[in-house]
Amino acid sequence: MLTVESLKKSYDDTAGRRSRRPGNEGTRVYAVGGVDFEVHDGELFTLLGPSGCGKTTTLRSVAGLERPTEGRVTLGGRVLFDAEQGINMRANRRGLGMVFQSYAIWPHMTVFKNVSFPLEVLPRTKRPGRREIEERVEQVLDVIELGAYASRPATKLSGGQQQRLALGRALVTRPELMLLDEPLSNLDAKLRETMRFELKRLQRELNLTAIYVTHDQSEALVMSNRIAVMNQGRIEQIGKPREIYTKPATRFVAEFIGTSNFMEAKVVSVDGREVRVDTAHGPLVAGEVDKAPAVGDTVMISIRPECVDLSPERRGNVPNEWSGQVLTRAFLGDVVDHIVGVGDLEIRNRSNPNLSIPPGTEVHFSVAPDKVTLVPVD
Ligand SMILES: Nc1ncnc2c1ncn2[C@@H]1O[C@H](COP(=O)(O)OP(=O)(O)OP(=O)(O)O)[C@@H](O)[C@H]1O
Ligand SMILES: [Mg+2]
């Protein structure tokens, strides 16, 4: 298990400054402003967040390529870093496998050799036999779909193939912890999707423990056992993909993970996990609320487009039924989106493509109470 505690990394914001006046230490800019998380054995744990939120800095700190300003990192009982005790184990002694945003393959070696080399240079006691090395390399080449290129010089590969090779090279040693920083970002959309599943399958089959960094929410949802959503150097929420999606803890998480309908509301009554609210456009009832607010609180309501149940007729016997007018509709292939106007509010609905209601039509829609999520106002 990897444990990261109170990790901070700051940089001196003195760029471009000629001199520092005494007493002016300059502003500290926190790339990572105090993060805590654990990665369990056999788990693929994802750091997800927008560009510049501190994902790479966090990963490089675990790797030992960055010296954190504060905090502690331990892996399987070994202390990799401890600011207070002044421990900072060298990167090459941490026993990690890494694939970074800017990957590098060994240009003077063949594809096969690129993958076998990390095994060949292991100390004699840890080095597998020649046959096993061959088997493991072939297995990895199979997974990264480079089997047919085994004897080709690594430089004569496309960018995407080189990235897969970088991945294969890190996988082959089966490290205690894999660090993957946007390893699929150079691949075209179709291959990226295949690779997600392949990578996930391999991670599961080999029982690899991995930290995966991405800014792509669908990649994170598909691949991860758990996700930490980061924003401005901090973790906003840690949870399973389904939890993060259905129970976002903050507005940032709800907005970053997919699309959502938001509206402000005032709490009218609380009955166990059932909360009734008033919005500017009508009342709503939310079921299965985990952290009940107090009556009178202002909260943010989040409703996913696929939870908006659109119907040409009023049903009358369902909770949270509102009426409006279709403003636009967009066919997206596997789904169709309708934007419904309710006064000045626009509600997005996502349905299967059999439903198609022309703009201008009066419609009714409802939302099951357990699909009405309350997020704290920040
Ligand atoms: N060496 C450095 N000196 C000063 N600031 C830095 C340095 N490295 C990173 N930063 C800043 O720290 C913040 C976090 O950077 P980081 O590379 O961790 O982001 P990221 O989440 O990996 O983003 P991306 O998705 O674009 O890769 C950014 O604001 C960045 O500008
Ligand atoms: Mg990065």
Side-chain angles (χ1 to χ4, degrees), residues 2 4-18 20 24-37 39 44-73 80-81 83 88 91 94 96-104 159-160 162-164 166-167 170 177-189 192 195-196 199 210-224 226-239 241 244 250 252-253 255-258:
L2 175 84
V4 173
E5 294 162 85
S6 311
L7 185 79
K8 288 189 183 177
K9 172 70 186 172
S10 66
Y11 295 103
D12 253 337
D13 188 22
T14 50
R17 249 184 250 177
R18 282 278 166 80
R20 272 201 238 164
N24 178 3
E25 270 99 64
T27 335
R28 309 287 302 168
V29 178
Y30 280 91
V32 177
V35 302
D36 291 87
F37 62 90
V39 183
L44 191 144
F45 184 88
T46 296
L47 300 175
L48 172 69
S51 183
C53 73
K55 307 180 294 293
T56 295
T57 307
T58 303
L59 207 66
R60 287 176 58 87
S61 298
V62 172
L65 299 171
E66 207 75 71
R67 192 190 174 101
T69 317
E70 283 175 46
R72 185 178 153 89
V73 182
L80 304 186
F81 177 81
N88 189 20
R94 295 190 179 194
L96 312 174
M98 302 173 216
V99 181
F100 284 105
Q101 261 170 325
S102 50
Y103 56 89
Q162 289 188 12
Q163 188 151 24
R164 275 142 68 199
L167 189 63
L177 177 69
M178 279 281 279
L179 304 177
L180 302 159
D181 192 348
E182 313 237 7
L184 309 182
S185 58
N186 280 12
L187 308 182
D188 65 58
R192 191 160 62 222
M195 285 293 294
R196 280 176 194 169
L199 189 59
I211 304 182
Y212 192 90
V213 162
T214 182
H215 63 266
D216 181 331
Q217 43 109 357
S218 48
E219 195 161 288
L221 291 172
V222 169
M223 296 188 61
S224 320
R226 286 186 306 141
I227 299 171
V229 182
M230 288 186 74
N231 180 26
Q232 298 186 346
R234 291 181 182 278
I235 294 177
E236 297 240 342
Q237 187 176 7
I238 297 180
I244 296 273
T250 64
F252 175 83
V253 174
E255 271 179 344
F256 192 73
I257 313 283

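Both ligands and their constituent atoms are indexed starting at 1 by order of listing. Everything numeric here is computed off the predicted structure, so don't read it as measured data.
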>> Taking ring-ring contact (aromatic ring centres under 6.0 Å, His included) as the definition, give me every residue that meets it alongside Phe81, ordered by chain and number, with sequence neighbours left out.
In response: none

>> Under 4.0 Å from a heavy atom of Thr56: which atoms of ligand 1 are those, numbered in the order shown and with their elements?
In response: 17 (O), 18 (O), 20 (P), 22 (O), 27 (O)

>> Between Ile244 and Phe256, is there a side-chain heavy-atom distance shorter than 4.5 Å?
In response: no

>> I'd like the name of whichever of Pro50, Ser61, Gly52, Gly233 reaches closest to atom 20 (P) of ligand 1 through any heavy atom.
In response: Gly52

> Has Thr57 got an N/O/S atom less than 2.8 Å from the Mg ion (ligand 2)?
Replying inline: no

> Near Glu5 CD, under 6.0 Å, is it more than 12 heavy atoms from other residues, nucleotides or ligands?
Replying inline: yes

> For the side chain to side chain contact (heavy atoms under 4.5 Å, CB included) test, which of Thr56, Thr57, Val62 pairs with Arg60?
Replying inline: Thr56

> What ring pair (Phe, Tyr, Trp, His ring centres under 6.0 Å) pairs are there with at least one residue in residues 45-72, not counting sequence neighbours?
Replying inline: Phe37-Phe45

> Can an N or O of Ala31 be found at a distance shorter than 3.5 Å from an N or O of ligand 1?
Replying inline: no

> Measuring from the heavy atoms of Gly49, does anything fall under 4.0 Å of ligand 1?
Replying inline: no

